[in-house]
Amino acid sequence: MADQLNLNELIVEVDELLTETWDITQSQQDLIQSVQPEHRTGAENLLHYAWMRRNDLRRLQDALHDLGVTSLSTSEYAIRARLLALRNALGALTGQGTIYYVGEIADDMAHADDCLESNSVTLLGEETEGANSRIMVTLPAEAADDYELVLELAEAGMDIARINCAHDDATQWEKMIANVGRAGEQVGKLIGINMDLAGPKLRTGDIVPGPNVGRARVTRDDAGQVVHPAKLWITPKPYMSSQTPAEPPADLPGRPALPIQVDGAWFDALAVGKEIRLHDARGSKRKFIVTKVLPHGVLAEGDRNAYLADGQLIECDYERTRIAGIPPVLQKMRLETDEEVILTADPAATVLGDDGPLRISCTLPEAVSALKPGERVFFDDGAIAAVVVSTRTAEETDAYPEATLRVTRAKPGGQNLAAHKGINLPETNLPLPSLTEEDEENMRFVATHADIMAVSFIRDEKDVQYVIGKLYDYANELEAAGDQDGAAKVRHVGLVLKIETIPGFQNLPNILLEGMKWRNLGVMIARGDLAVELGFDRLAEVPGQIMSLCTSGHIPVILGTQVLENLAKTGLPSRAEITDAAFALRAESVMLNKGPHITDAIEILDNLSRKLGSSQRKNRIMLRRIRSWDETADAVADTSDVDTDAADNN
């Protein structure tokens, strides 16, 4: 009787959930009908899922799990259909029988899968056979001129090429796109083009550079013995400022050679074996011996470290020349925990060594004005954390607004902060559009040349509305000018919303519903900035939560930042990043960043994707056959046969 009573209670609770989903569908019809037809099923289901996740269903899930029926843990793709199926199962257990048509429930579940698959193909292109996720690869600048590099990426398994509009320009982008198209034809598949608009980037401002001093350094072994000499790479001073001196040979062992420039006549007199003497910037005597004379440069080697300053004299065969071409030392400020630093809207470069507290400018003055006491500030991908202590307006300073910060986290002994490092303001309401003037100009190129336009810094539905409005404005402009094909291309370009801030995560349901007013939609989870803003403890769960919400709306997801990064950079993957890659492959696309071993990373991810394609779909584990356990299974079967025979004999 107790069990029967518990079942009846569960039935009541599930019926209440079904009633609530029905009420949501009826009350939100205007919103559901406002999205594109392709997204209406997804919009309705997203509303159901978002409502369910505002409730704590863990007690219900535990009870359902104990009964051996669905616990709703993988129900996000079709909430109402899964609840109907659950209600039928509970009815069968109580003797009521099924009260909802099973065939219709199965059709709804299959339709949900089909919607996500269709939207994924529209945005990302067809899947590679046997794989459930596409591989997106960030192109380096060399991809504009090095076709063989692009071909290697295509042959390794690249499905989508990513171009970061924060770098290079339209001329370079066109070359990259042409190389990708050519490589796709050669390998026999269509490779998509994704272009990322940079969005408003908060960075530290300039720091006045230090003196023009460089260092030529020896390499020593553990015993302190010199194993590679210090090296100078000597070239003649260019006749014109636009001329670029020849680079030193790339295969030199030990530390890099220090490039210097000298007078042409002095350079022409150099020969192998000649001795170059100097007093370095510290006043120490040093000598270097010429070891190689090449057409555009001379290599000289010494057995001691030397500091060389622009304009100092060096001598060979009693002839002197002043050296040039040594760049200034990049200065960094050093911040320690509990130290105060002023963040200012003043665009002037920071001068280190000035009296008073350290000051650093911010590239977006509006951000400084928006800061409030108590809000957190992160620098350099979270390496330095601070909190706002106080603020002053432009009127109060008689110049520019500023905020006094107290450092709350830095390395023991202090942490360096250089110019042009990222600033994250996770708790500050920034009065900034999602597109800068430069982004809006680049958008015109992207919308007519790329398959996908990814937009950074999406914080709420207003940002999405603004971006979609700009796209429609541009399409209408092309149409009015008689460019019907161009207008159609703009209206069908893929729009990917990058979720990389706390507001973006918190407002995601509304962001997606607004985004569904654009036919070709996707989401990118940018884990790098999310990690800075959320903290690493929350990063463990948030990407999965974003992915589940997008699945409920049947919106494809691209997961990026640091996937197989160690492998791409060093050629050797860590054990942890292979496991991380397996999680990433639950998304419809995985983004890889560039690196010298990127083709190895693509090949491993492609192989992993094919293996997991039969084992997982999103967060559903597929029970494929595990051949590695065949021997154990055979042994169990043999034991079972023996036991049966023994029983028969008895």
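These numbers come from the heavy atoms of this one structure, side chains and all, not from hydrogens, waters or symmetry mates. Here, residue 1 is the first one in the sequence, and each next residue gets the next number. Please read all numbers here as calculations on a predicted model, not as lab measurements.
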| said: Counting neighbours of CG on N429 that are heavy atoms of other residues, nucleotides or ligands and sit closer than 6.0 Å, is the number greater than 12? | reply: no
| query | Is the closest side-chain heavy-atom distance between D196 and T138 below 4.5 Å? | reply | no
Looking only at heavy atoms, the pair that brings P573 and I578 closest together is CB-CD1, 4.0 Å
In short, Y400 meets A345 closest at the heavy-atom pair CD2-O, 3.9 Å
Please answer whether the main-chain N or O of L430 pairs with a side-chain N or O of R459 as donor and acceptor at a distance below 3.5 Å. yes
Counting neighbours of CD on E438 that are heavy atoms of other residues, nucleotides or ligands and sit closer than 6.0 Å, is the number greater than 12?
no
task = Using a 4.5 Å cut-off on heavy atoms from C-beta on, say whether the side chain of D145 contacts that of Q172.
result = yes
Report task. Could you tell me whether the side chain of K237 and the main chain of G325 form a donor-acceptor pair under 3.5 Å? Result -> no
Check against side chain to side chain contact (heavy atoms under 4.5 Å, CB included), R162 and N593:
CA-CA 9 Å; R162 173 178 176 262; N593 278 324; 3.9 Å; yes
request  = Report yes or no: does D346 contribute a side-chain atom to a donor-acceptor pair with the main-chain N or O of A348 at less than 3.5 Å?
outcome  = yes
_Within the supplied structure, the quantity of interest is the number of heavy atoms (other residues, nucleotides, ligands) at a distance under 6.0 Å from K569 NZ; does it exceed 12?_
no
Review point. Tell me, do K498 and I458 make a side-chain contact under 4.5 Å, heavy atoms counted?
Key: no
Just by modelled atom types, is the A265 backbone N or O under 3.5 Å from a matching donor or acceptor in the D263 side chain? no
In terms of heavy-atom contacts, N566 and L572 come closest through ND2-O, 2.6 Å
query = Would you say E437 has more than 12 foreign heavy atoms packed within less than 6.0 Å of its CD?
reply = no
*Side-chain donor/acceptor of R203 to backbone N/O of A419, under 3.5 Å*: no
- prompt: Does some side-chain heavy atom of C316 sit less than 4.5 Å from a side-chain heavy atom of L270?
  reply: yes
Is it the case that the side chain of S589 and the backbone of R134 share a donor-acceptor pair, with hydrogens and angles ignored and the cut-off at 3.5 Å? yes
| K421 vs F379 side-chain heavy atoms within contact, under 4.5 Å | no
Taken to the nearest 0.5 Å, the spacing of L417 CG from I207 CD1 works out to 6.0 Å
Exercise. Would you say E500's side chain and F457's backbone share a donor-acceptor pair under 3.5 angstrom?
Worked result: yes
V368 and A403 have their tightest heavy-atom pair at CG1-N, 4.1 Å
Do side-chain atoms of D439 reach the backbone of T436 as a donor and acceptor pair under 3.5 angstrom?
-> yes
Shortest non-hydrogen pair, V262 vs I323, comes out as CG1-CG2, 4.2 Å
Value for CD1 (I558) from CD1 (I499), rounded to nearest 0.5 Å, stands at 11.5 Å
* Asked: Does any non-hydrogen side-chain atom of Y147 lie less than 4.5 Å from one of R182?
  -> yes
Using side-chain heavy atoms (C-beta onward) and a distance below 4.5 Å, is V187 in contact with L151?
yes
For D380, the salt bridge (Lys or Arg N to Asp or Glu O under 4.0 Å) test, sequence neighbours excluded, returns none
For the CG atom on D146, are there more than 12 heavy atoms of other groups (residues, nucleotides or ligands in this structure) within a distance under 6.0 Å?
yes
Review point. Would you call R527 and D580 a salt bridge, using N to O less than 4.0 angstrom?
Key: yes
Hits for salt bridge (Lys or Arg N to Asp or Glu O under 4.0 Å) against R406, two or more places apart or cross-chain, chain-then-number order -> D338
Verdict with reasoning, T350 to T204, per side chain to side chain contact (heavy atoms under 4.5 Å, CB included)
CA-CA 10 Å; T350 297; T204 55; over 6 Å; no
Taken to the nearest 0.5 Å, the spacing of R409 CZ from T337 OG1 works out to 9.0 Å
| task | Check the surroundings of atom CZ in R255: do more than 12 heavy atoms from other residues, nucleotides or ligands lie under 6.0 Å from it? | result | yes
Working for side chain to side chain contact (heavy atoms under 4.5 Å, CB included), residues I260 and I326 | CA-CA 6 Å; I260 64 173; I326 297 179; 4.0 Å; yes
Output for pair (I502 CD1, L425 CG), nearest 0.5 Å, gives 11.0 Å
- Task: Apply side chain to side chain contact (heavy atoms under 4.5 Å, CB included) to L405 and V407, showing your working.
- Result: CA-CA 6 Å; L405 316 178; V407 177; over 6 Å; no
Report task. Examine the side chains of E340 and T404 and answer whether a donor and an acceptor come within less than 3.5 Å of each other. Result -> no
Taking atom NZ as the centre, does K292 end up with more than 12 heavy-atom neighbours from other residues, nucleotides or ligands that are less than 6.0 angstrom away? no
Rounding to 0.5 Å, atoms NE2 (H449) and CD1 (I177) come to a distance of 6.0 Å
Flag, side chain of D317 to backbone of E319, donor-acceptor distance under 3.5 Å | no
Between the CG atom in L258 and the CZ atom in R217, the distance rounded to the nearest 0.5 Å is 11.5 Å
For this session: Indicate yes or no: at least one non-hydrogen side-chain atom of L308 is less than 4.5 angstrom from one of L232.
Result: yes
- prompt: Counting distance only, does the side-chain N/O of E152 pair as donor-acceptor with the main-chain N or O of T599 below 3.5 Å?
  reply: no
Q. Charged N to carboxylate O under 4.0 angstrom, R277 versus E315?
A. no
Smallest heavy-atom separation, V341 atom then M333 atom, equals CG2-SD, 4.4 Å
